[in-house]
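Below: one structure, written as structure tokens.
Each chain gets a letter, A, B and so on, in the order its sequence line appears, and its residues count up from 1. The structure displayed is predicted, hence computed values, not measured ones.
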Amino acid sequence: MKLKRAGDPREFDVELISRDGAVVRVRVGREEIAAEFAPSATGGGTLTINGRRYPIFGVRRKDSILVAAGPASFEFKLAETSLRRRARGLVAPEIIAPMPGKVLRVLVKDGDLVESGQPLVVIEAMKMETTLAAESAAVVKRVRVEAGQMVDHGAVLIELSPAPASSAAVSALRVS
Amino acid sequence: MKLKRAGDPREFDVELISRDGAVVRVRVGREEIAAEFAPSATGGGTLTINGRRYPIFGVRRKDSILVAAGPASFEFKLAETSLRRRARGLVAPEIIAPMPGKVLRVLVKDGDLVESGQPLVVIEAMKMETTLAAESAAVVKRVRVEAGQMVDHGAVLIELSPAPASSAAVSALRVS
Amino acid sequence: MVVSSQSMKRQLKKLLVANRGEIALRIIRSARLFGLRTVAVFSEVDAMSAHVAAADEAILIGPAEPANSYLDISKIIAAARQSGADAIHPGYGFLSERAEFARAAAEAGIVFVGPRPEVMAALGDKVAARRIAAEAGVPVVPGIETGEVSAAREFAERADYPILVKAAAGGGGRGMRVVGESAQLESALEAASHEAAAAFGDGRIFIEKYLARPRHIEVQILGDEDGGVVALGERECSIQRRHQKIVEESPAPGLSASMRTKMIDAALSLARAANYTNAGTVEFLVEGDNFYFLEVNARLQVEHPVTEMRFGIDLVCEQLRIASGGHVPKSLAPRGASIECRINAEDPEHDFRPATGSVLHLSVPSGPCVRFDSHLAVGAEVTPWYDGLIGKLICFGADREEARRRMVNALDEFALLGVTNNAAYLRDVVASEQFRDAKLSTHFVEEFFAGWHPADADITAALIAAAMTADGAFGEDRQAAGAPRPGAVNRSPWESLKNFELWGSRR
Amino acid sequence: MVVSSQSMKRQLKKLLVANRGEIALRIIRSARLFGLRTVAVFSEVDAMSAHVAAADEAILIGPAEPANSYLDISKIIAAARQSGADAIHPGYGFLSERAEFARAAAEAGIVFVGPRPEVMAALGDKVAARRIAAEAGVPVVPGIETGEVSAAREFAERADYPILVKAAAGGGGRGMRVVGESAQLESALEAASHEAAAAFGDGRIFIEKYLARPRHIEVQILGDEDGGVVALGERECSIQRRHQKIVEESPAPGLSASMRTKMIDAALSLARAANYTNAGTVEFLVEGDNFYFLEVNARLQVEHPVTEMRFGIDLVCEQLRIASGGHVPKSLAPRGASIECRINAEDPEHDFRPATGSVLHLSVPSGPCVRFDSHLAVGAEVTPWYDGLIGKLICFGADREEARRRMVNALDEFALLGVTNNAAYLRDVVASEQFRDAKLSTHFVEEFFAGWHPADADITAALIAAAMTADGAFGEDRQAAGAPRPGAVNRSPWESLKNFELWGSRR
């Protein structure tokens, strides 16, 4: 299966080939890896990859997989699902709330032509202001929120369409 | 429902009358008690009974209920099930392994007449020897185990029948 | 001395904890130890959280929005009245540094566990605090006590850029801006003032020379009603992100004995000058052999456990003793070294963007010299409403290196699934050469850990784990799969990925 | 001093831990801190337990039966060879006091973390140990060094009953019998010898005058290869059931400074006389102003954390340093007081009968000055094969009363479902007047807690919880209900008991 993680441009191609007792054979990209897995009483287990051991645990969700490898935790999505939004040459024609929070200020209105790095909307969560800006030029197709409104993680805040003479990717990017 | 706990002669009659929001009304014996229950994120909750709070948690099993009230933990069985073994005037015509372990010595044989407090069988678990004795006179109907054998919790070790001219209760009791 | 509410000038009976999360839980524990009944307050979204379960009583004070719950003075005073609490502990954050809160408690006849209102007011205003420090002979950073544009520009030309714009009522880096050149000045003043007004209802700002590469070192103080004052060593808090501390330790590595003495003396004279009572922290910026007064935190600090570990003391119990009219402890001898890591619900790969979620799996380190203060447990929710601090991991050692290695091992034992967090980031920070060699400044994070990402080896391990998970090795997140109760059956797209039989050992 | 395997006479690289459970986990943690790679060994039933997951490598050494796994010297030495371990830590119990194990390690060129084999042999034999103590001028209990019936009877007449029959190779109360009258003597000698033979493969017994109401107080010692010896204070271990400690503390309440000095001096001279190296404990019985040598435990004690908490030291790291040819620490200054409670899988309502099961729910106390050493976690199994110790809760305080109250609160935060345990019993013990007032003797349990049962209030709360549970408030034990994986559906007799609808807040 092909997996993506937020903010990582890479697409990971991983396949479970076999599991024979403790030995787990997995293909990661072109490389085939043989790891050892020892389940622990607590539901997770220990994965040994050429001599190094990782306590691992995983949870399946509808469209993502959460895994912990030691203190590092990851959320993988099926690449397919992350591609769903591809439309008209835009990787992400929408500005998505990266976290649940409150919309503090909306800095653009429908029809505005925005430039790369231009702040579009400011949301607040956990006492911190986060400004979402365009990654490259685009046209504001529709502003879907207003100041003061609470928005959930993943909510579409602003719809964008390609800028004239530009099909550059547009996506949410935080600027401080 | 009627509940019993191991080694407690009392039979507890408890019924959940109603639950209205946080208020839980329960009948314990003849007494009706109104408690407050606040569920906690971890799956258990806090039970408040006239001003005192107990962190509680419970698990249902096929024929028993496990509950924790603070550091105290309890296993309740439906009185009915604990009565199942009633037979021919004996509360417990069997000597049951109180824990998984190894039979060290069997001290009686079929047909023996045993007296109150007489050691019947010795089992070992966790580095400790536990002697099971008759609580009152009985006749050994059948010895079902032999020395060296591993037995599981609840395994029937020895079957007893009432002693002549005696219908006194017989059950497993530890003597040191 | 025995910790006890007995035989005190004022014998307190019931403490209301005006806070939430790990600190509310931690305060409740020590209050119980001190012999007090405890009252928790909570917002609707916190009804099922740990501090509510831990207290003897719990009172709902409002909706999630802090302004209508944890920041609502009248509701909290009402809760204290309703429950018959005779004392209030504010914890940190929220109302902990609001003089009007302390005043409202006093007017309601309730003991406030902290300094007197007028002292809080004076020290809470950074401009006023600067004056008090200067008058007490404590060095302060060159600066001006106004945010007026022309004065600011004049100062900036004189002192030379970069300069730092700060909120008079500020805290936690909010309403703070570094200005590198005159072009940015006006907008920075405006932005800082705006943020300050929004955050503290007080838009006043002031300006200080921006120190290039300072360390942040603070001194823990305790003061009692009879003028007794004591300092419990220092804490190094230079490792910060977004002006918020993430790793703290005591003692401050490489701090000379003479510097330590000077800073402690400065903290004590400031405390005396301010008639300081209860627990507080005097923060300094240190550059070379110079140190400058930064601010006083007139409350318990998040990082107070690093001091507790070295001094073998319970600072919350000390606060309660002082609030009962008791005295500060005779100065104690510290021992060894301790380090704290703040585990935050945030994404270190994306500018520490706040994260939320519910805890699906939690593995907590333990054993000798390891302490974990947290309200987390499997099933707990991290909401967007409050600060992202979800746990504090504190390790002690005979010396810094022992404490540091213990922290690395402890973080390696830590695992949290369901809420994106900075544990792996902290692990790499504490394990780094730069931290081992104590190359400390408030720029540590930008200098050494900008653009941090998990190691490829970790990602590979995670991918293998993901493949096993997709295959059902560890089961579903039943809640997410929409099955609130055990017994429900899942449908999952992952099933279709399975390419061979379930195996036995799978759980 | 920095904890580190560097710059040692012998630089160890890899440690095999010849044990299981909490102590294996605890040793692995300190070994990693010390810079060693770690190797766990495990029996078939322990494959999924914590110490296996914690180590860098893990080797299966046999079936559950200890004789064929954790007690099998050849298998453990083979595992050490196979993994290239250059050192073995025996923990406590199992092979920890077997001189032949230490000898086998030495012959395999592996460093044994403990005293030299000949020292273990001498001290392991209680009869020989008595002699060494006596020769070192340490007072011993009147007795005879044989279990021969007529000699025993003669001694008993002379010293007067009751007398104590003990196994020369004994430990943990096994092969021990109190004889109150001559009628019981012969059978007691037989039974003790039988139990000793079965337990230790050595039926030799000896006899001592039985002390009526002694306290059990022990001294922690460390010795190095260069003759350095240090004592790290004492531990009071009088609270025992079945001759096994369940509550330990340091310092020993009410022990006069002069008594303490005498006992520590006695322990040190014994250690010197025996050329003792590494960590050990000299146990004494104390009656009034007299103390008598009981035995030497030539290993790490279960209760070592109470010493660690007071001295701010990691005894396992000290063991590893000594095993590396390093020196004992300069004598350290203790601080405050600490108490340990042993949480056992046993039923205090039925003569502490061992219990087994799998952990369905676990709530562990934490916070300042609280330490919990355990291998338990939800899902873990407690099998009948090994010792019932499943966790050690240790609390520190500025003084005994603070530590005691902290322990009561910590135990109130503890909850374990699925394995019958003594947590509530320990809670009542530590909360009792008798413990608060330190009415300590080895008869504490029989005198004050015979026939203990949970309070009626607790039972009532439990019954209400049971009614809610029957009603489905907390869900099923899916494993017990025969559904190994999530997603399975339960049938349950309890369903039929439900007399109204499910409610929303139920989880």
Side-chain angles (χ1 to χ4, degrees), chain A residues 1 3 5-8 12 14-19 21-22 24 26 28 31 33 35 37 39 41-45 47 49 52 54-63 65-76 78 98-102 104 125-130 150 153 174 176, chain C residues 172 174 195 199 242 345 349-351 353-356 360-361 363 383-388 411-418 420-421 423-424 426-427 454 457-477 480-481 492-494 497 499-500 503 505-507:
Chain A
M1 59 188 172
L3 298 176
R5 47 187 295 265
D8 192 330
F12 302 100
V14 53
E15 218 57 65
L16 189 51
I17 298 165
S18 72
R19 175 164 175 180
V24 183
V26 181
V28 178
E31 190 187 6
I33 300 172
F37 178 70
T42 58
L47 196 63
I49 308 171
R52 198 170 146 202
Y54 300 84
I56 63 169
F57 193 89
V59 172
R60 279 196 308 208
R61 284 185 162 160
K62 277 222 165 49
D63 62 352
I65 296 179
L66 301 177
V67 296
S73 59
F74 302 84
E75 177 167 14
F76 294 106
L78 271 178
M99 76 209 80
K102 181 179 180 179
L104 280 185
M126 294 173 174
K127 307 193 322 186
M128 279 193 290
E129 298 190 9
T130 298
M150 280 299 297
H153 176 282
R174 188 184 173 294
S176 29
Chain C
R174 308 179 70 189
E195 196 171 316
R242 295 180 154 202
E349 291 187 76
H350 296 91
D351 290 296
R353 170 196 296 164
T356 62
L360 303 173
H361 170 71
S363 160
T383 70
W385 293 103
Y386 312 113
D387 184 88
L411 284 165
D412 277 334
E413 287 185 29
F414 181 87
L416 167 56
L417 214 53
T420 302
N421 65 83
L426 290 167
R427 192 260 180 218
D458 292 349
I459 295 179
T460 302
L463 285 168
I464 295 172
M468 295 172 66
T469 306
D471 185 64
F474 310 109
E476 306 281 329
D477 169 10
S492 156
W494 307 106
L497 294 167
N499 47 11
F500 56 89
W503 61 81
S505 79
R506 168 180 310 165
R507 314 169 54 82

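- Minimum interatomic distance between A/Ala69 and C/Ala461 (heavy atoms only, all atoms of both residues): CB-CB, 4.3 Å.
- For a residue to count as touching a neighbouring chain, one of its non-hydrogen atoms must lie under 4.5 Å from one of that chain's; by this rule C/Ala457 touches chain A with backbone and side chain alike.
- No side-chain heavy atom of A/Phe76 sits under 4.5 Å from any side-chain heavy atom of C/Thr469.
- Of all heavy-atom pairs spanning A/Phe74 and C/Pro454, the tightest one is CE2-CG, 3.6 Å.
- For C/Ala465, the parts lying near chain A are the backbone and the side chain together; criterion is any non-hydrogen pair under 4.5 Å.
- Minimum interatomic distance between C/Ala415 and A/Ala68 (heavy atoms only, all atoms of both residues): CB-CB, 4.5 Å.
- If you tally non-hydrogen atom pairs under 4.5 Å between each of C/Gly388, C/Ala424, C/Pro354 and chain A, the highest count goes to C/Pro354.
- A/Val26 approaches C/Ala467 most closely through the heavy-atom pair CG1-CB, 4.4 Å.
- The residue from A/Ile33, A/Ile56, A/Val67 that alone fulfils the side-chain contact (heavy atoms from CB on, under 4.5 Å) condition with C/Ile464 is A/Ile33.
- Taking both residues in full, the closest heavy atoms of A/Met1 and C/Ala470 are given as CE-CB, 3.5 Å, listed atom of the first, atom of the second, then distance.
- Looking at every heavy atom in both residues, A/Gly43 comes nearest to C/Phe474 through O-CD2, 3.3 Å.
- Contacts between C/Leu463 and chain A at a heavy-atom distance below 4.5 Å involve backbone atoms as well as side-chain atoms.
- The side chain to side chain contact (heavy atoms under 4.5 Å, CB included) search around A/Phe57 returns A/Val59, C/His361, C/Leu417, not counting sequence neighbours.
- To the nearest 0.5 Å, the span separating OG1 on C/Thr460 from CG on A/Leu47 amounts to 10.5 Å.
- Interface residue C/Thr383: only backbone heavy atoms are found under 4.5 Å from chain A.
- Residue C/Leu426 does not touch chain A at all, counting heavy-atom pairs closer than 4.5 Å.
- Sequence neighbours left out, the pairs with a member in residues 458-470 of chain C that pass salt bridge (charged side-chain N to carboxylate O under 4.0 Å, His left out) are A/Arg52-C/Asp458.
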Given side-chain contact (heavy atoms from CB on, under 4.5 Å), test A/Arg19 with C/Asp471 step by step and report yes or no. CA-CA 11 Å; A/Arg19 175 164 175 180; C/Asp471 185 64; over 6 Å; no

